[in-house]
Protein chains: 2
Amino acid sequence: MKLSKTSEYAIRILSYMAKENNELFSAKQLIEKLGVSDKYLRKLMTLLSKVQLINSKQGRYGGYCFSKNTKDIYISDIINAVEGMDKYLGCILGFDDCSDENPCSMHEVWVETREKLLKTFSETSLYEISQKNSLKI
Amino acid sequence: MKLSKTSEYAIRILSYMAKENNELFSAKQLIEKLGVSDKYLRKLMTLLSKVQLINSKQGRYGGYCFSKNTKDIYISDIINAVEGMDKYLGCILGFDDCSDENPCSMHEVWVETREKLLKTFSETSLYEISQKNSLKI
DNA sequence: TTAAAATACTACTTAATGGTAGTATTTGCA
DNA sequence: TGCAAATACTACCATTAAGTAGTATTTTAA
């Protein structure tokens, strides 16, 4: 499994925000803490606010905050917003029409692993990982 | 999970070869059956022969054949040859120094899924998938 | 009402992957 | 020995993801 770098950053940023649990975060603050470049982080935050995972407020005393409880934001939501989750759930050999009825030669072998993958992403919430005792941000 | 397109093709080509079980395959023959472009397939086959998954023979009556029993060629070998397997086995959040002792916040959640992934790729042989009753090539 | 401090937008640059074109080399047999 | 039929090599083009730069807009408080 390899998420896009942008997905990695999105999860890192949002899990940091979940851990800190502030009312509002400025881009400046996040950039300092997370070591992401200014423009790159801002572009990403704008995307995340467009898909309503966070809210943004422009102007003086503006910033970013969660739009809902972190218990209701799953890793799959974040991946979906940034790069689309679908590609991780398709046929491992790239056949568009691969299914139980019309399987590719790896279908049977792959199905179970794919389910595990989906389960991991769609059942892990930001809140859950924010509770972990990790030194990394 | 999303393999590179080149890995997808490599597995498709090699599993076709394993299924047919000929002595020798020409590029022309594979191109026709698999609908891959001429140059792209040839480049890929040259790579696969460089890493000794297959042997190639130039000149008249040349072509490609397996260099060993398909029971001894695993999906992970193919992925490794084409794009490297390592990236699929690192930290899901991209931390280079993520480990059990120094975990990222998703480490615990991810470890089990990653193991499953590794197991699937490193224990599934070309022979195994060539025995499946798939109509796709 | 204006200046300061924040985010948003548009457009470009760079790097990696996917894909193509043309030429060179190898091999075997008439 | 030279031609036909195969793969190998080198170099380029196209597309997508990653990252950067500069300008515009929004908001608030003095």
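Chain letters run A, B, ... following the sequence lines, proteins first and then strands; every chain starts at 1.
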Atom-to-atom span, [atom1] of [X] to [atom2] of [N] - whole angstrom:
X: A/Phe25; N: C/dT7; atom1: CZ; atom2: P; value: 13 Å
X: B/Lys57; N: D/dA5; atom1: NZ; atom2: P; value: 16 Å
X: A/Lys5; N: D/dA18; atom1: NZ; atom2: P; value: 9 Å

For residues A/Ile11 and A/Val36: do they belong to one hydrophobic cluster (side chain heavy atoms under 4.5 Å, members Ile, Leu, Val, Met, Phe, Trp, Tyr)? yes
Side-chain ion pair, A/Glu83 and A/Lys5, N-O less than 4.0 Å: no
Taking side-chain contact (heavy atoms from CB on, under 4.5 Å) as the definition, give me every residue that meets it alongside A/Asp97, ordered by chain and number, with sequence neighbours left out. A/Phe95, A/Asn102, B/Lys136
Counting heavy atoms not belonging to B/Lys68, are there more than 12 under 6.0 Å from its NZ? yes
Around atom CD of A/Glu20, are there more than 12 heavy atoms from other residues, nucleotides or ligands closer than 6.0 Å? yes
Note: contacts of residues 26-49 of chain A with DNA chain D (heavy atom, under 4.0 Å) are A/Ser37, A/Lys39, A/Tyr40, A/Lys43
Tell me whether the side-chain N or O atoms of A/Gln58 pair up with the base of C/dT7 as donor and acceptor below 3.5 Å, since no angle test is needed here. yes
Proximity to the side chain of A/Arg60 - top-ranked nucleotide from D/dA5, D/dT7, D/dA29: D/dA29
Closest to the B/Tyr61 side chain, choosing from C/dG18, D/dA8, C/dG28: C/dG28
Within the pair A/Lys50 and C/dT7, is there a side-chain N or O less than 4.0 Å away from OP1 or OP2? no
Looking at B/Thr6, does any N or O in its side chain come under 4.0 Å of the phosphate oxygens OP1/OP2 on C/dG18? yes
Just checking, any donor-acceptor pair under 3.5 angstrom between side chains of A/Ser105 and B/Tyr16? no
